[in-house]
Amino acid sequence: MERIKKMLLGGIRWTVLGLMTVVTVYPFIWILISSFKSSREIFIDSWGLPAKWEFSNYAAAWTLGGLGSAFLASVVITILSTALILILSAMIAYVIARVPSRFNQALYYFVMAGMLFPVFMVITPLYLTVYNLSLAGSFLGLGLVYVAFSIPFSTFVLVGFFKTMPSELEEAALVDGCSMQRVFWQIMLPLVKPGLTLVAVFNIRSLWNEYELALVLLAQKDGVRTLPITLANLFATQTYRANWGAMFAGIVIVVLPLFFMYAVFQENFKAALTEGAVKG
Amino acid sequence: MGFFQWSGFDSAVFIGWDNYRSLVNDPVFWRSLWNNLFLMGVIGFFSTTLGLYFTLAINKLNTGARKFFDTIFFLPQLVSLVVLAMIWSFIYNPTFGLVNSFLRIVGLQHRARAWLGDPQTVLWALVIPMIWYYVPFYLVLYTAGLRNIPVTYFEAADLDGASGWKRLIYITLPLLWEHVKISVLNMLISLLGRGLFAPIRLMTGGGPDNQSEIVVTYLYRQAFVIGRYGYATAIGVAMFLILLVLIAITLRIMRREAVQY
């Protein structure tokens with residue numbers, strides 16, 4: 001009796017897990033397969049394989065509505081912002097974690113306060129501020145806002161990492177006449193490399209996918225669009241045109257870089273997500 | 001700024017509490033708040049329970065299978081909300097979408113419909129993609145929590161002959177409580193904030209007839225489509241206050257003594 005019950009429960013578990021696998025994976029496979037179909041085929045047969053694999057969909061997607069140039073813009077803005085975030089928050093975190101001063105506690109809370117505000121609460125005043133600085137509709141304005149919004153959380157994570165490092169190393173280096181700058185760049189920064197990777201993965205994922213701030217701050221200006229904005233625009237207008245295959249190919253182009261990154265940094269992705277849950 | 005009438009580019013006019021007064025009397029705002037709460041409740045309930053179920057189910061498997069499912073189930077978290085919205089709009093597409101063509105294959109074509117265009121189904125149709133997106137998130141979160149629980153606890157329970165349910169209620173849940181709490185708070189913050197913005201803006205545009213409007217899409221429309229910046233800011237402030245109240249209520253309900261381990 002006990003054995004039958006166990007087998008039954010195991011059977012149910014495997015069925016549910018199998019179902020979940022199909023539900024999780026099939027949409028991706030469907031998008032991938034459809035990206036090789038002609039528009040006509042997409043309409044006639046949703047489930048089958050393409051009769052003729054249309055690789056030209058990818059070439060079409062790359063030029064369609066400036067997806068290619070938006071791809072490059074997104075690469076540049078994601079990398080530059082992440083680099084700036086890493087440098088600035090590592091510096092702030094180091095000071096907060098390691099330099100004894102009574103301003104530090106206040107500084108810590110000041111930086112952390114930045115995590116409190118939901119983007120949408122401040123988005124209207126933020127837009128008007130950026131507009132008045134003549135930075136609306138420019139990548140520079142968007143990048144600076146990205147950096148500002150990401151520093152609190154990145155600093156929060158890095159403070160944690162700096163605090164766990166043994167202080168003997170620093171003290172020894174300082175006694176040997178090493179300057180504060182060198183201690184930071186050559187001793188401490190390499191030590192918190194796991195923390196930096198975590199922060200980098202977290203920010204790359206969220207900035208590459210970011211939509212709301214780009215939508216508002218880039219103000220739909222021609223030629224100044226990130227990938228998510230371009231894709232959303234295409235989607236909104238494509239409904240009335242006909243190149244569905246290219247549309248699916250566009251999705252593949254956007255998703256692929258993160259899939260590759262995930263293949264390499266799987267554990268970092270998950271750790272970044274767990275840490276990020278605290279912030280929301 | 002909530003106290004001003006401001007179209008953004010001319011000078012602002014101070015109007016005191018007027019924006020907040022119109023907000024209280026704005027039926028579309030209440031509609032969007034109600035939709036928002038409904039979506040939060042349903043999505044939150046299903047994603048947290050399913051997330052917990054899959055965490056425990058995967059945890060029972062051997063290492064190889066566990067690695068496999070852990071890797072596969074994470075995939076939806078890699079796509080952006082924009083891509084999520086596009087994928088699921090295609091799945092719901094009345095002509096070539098998977099849902100309707102599946103219904104036709106199994107002979108239920110009379111059930112086929114424009115899922116996102118029908119006021120009867122639109123909210124539920126929005127729930128499913130979000131669950132698809134959030135279950136992996138909770139899976140990762142709970143798995144991280146489960147890894148912190150010492151195995152000895154479960155071994156002791158086994159020795160005492162505790163059943164599966166008892167183990168869940170007396171050991172696993174209390175020890176995972178902090179993670180569950182974080183996940184619920186996180187759910188509130190993201191579903192009232194940016195978590196639903198792109199999906200709703202792209203999949204339904206708040207329609208049909210405001211049936212799927214939520215607070216942030218309404219805020220966006222007021223500010224950046226109509227140009228009522230002062231009013232939009234008032235919505236933002238109201239949203240923040242509602243969020244604080246919801247967080248306070250949640251913390252109150254979920255408060256229990258911390259379990260040491």
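Within every chain, numbering begins at 1; the chains are lettered A, B, ... in the order of the sequence lines, protein sequences first and strands thereafter.
- Looking at B/Y53, only its side chain comes within 4.5 Å of chain A, counting heavy atoms on both sides.
- Residue contact with chain A, scored on non-hydrogen atoms closer than 4.5 Å, is absent for B/I235.
- Contacts of B/L50 with chain A are absent, with no heavy-atom separation under 4.5 Å from either backbone or side chain.
- Proximity of A/F235 to B/V82: side-chain heavy atoms (C-beta onward) are nowhere separated by under 4.5 Å.
- Contacts of B/A65 with chain A are made by side-chain atoms alone, with heavy-atom separations under 4.5 Å and no backbone atom involved.
- Ring centroid separation for the pair B/W132 and A/Y26 does not come in under the 6.0 Å cut-off.
- Only the side chain of A/R205 comes within less than 4.5 Å of a heavy atom of chain B; its backbone N, CA, C and O stay farther away.
- Considering only heavy atoms from C-beta on, A/L17 comes within 4.5 Å of B/I58 through its side chain.
- Using a 4.5 Å cut-off between heavy atoms, B/Q222 does not touch chain A at all.
- Of the two parts of B/L219, only the side chain, counted from C-beta on, holds a non-hydrogen atom closer than 4.5 Å to a non-hydrogen atom of chain A.
- In this structure, no portion of B/V215 lies under 4.5 Å from any heavy atom of chain A.
- Using a 4.5 Å cut-off between heavy atoms, B/L243 touches chain A through its side chain atoms alone.
- Among the candidates A/F259, A/Y211, A/W30, the residue making the largest number of heavy-atom pairs closer than 4.5 Å to chain B is A/W30.
- Considering every non-hydrogen atom in both B/G193 and A/F120, the closest pair reads C-CD1, 4.1 Å.
- Using a 4.5 Å cut-off between heavy atoms, A/L258 contacts chain B through both its backbone and its side chain.
- Neither the backbone nor the side chain of A/V122 comes within contact range of chain B; no heavy atoms are under 4.5 Å apart.
- For a residue to count as touching a neighbouring chain, one of its non-hydrogen atoms must lie under 4.5 Å from one of that chain's; by this rule B/F224 touches chain A with the side chain only.
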B/R194/A/E210 under salt bridge (Lys or Arg N to Asp or Glu O under 4.0 Å): CA gap, chis, key distance, verdict: CA-CA 10 Å; B/R194 64 209 307 193; A/E210 208 285 330; 2.7 Å; yes
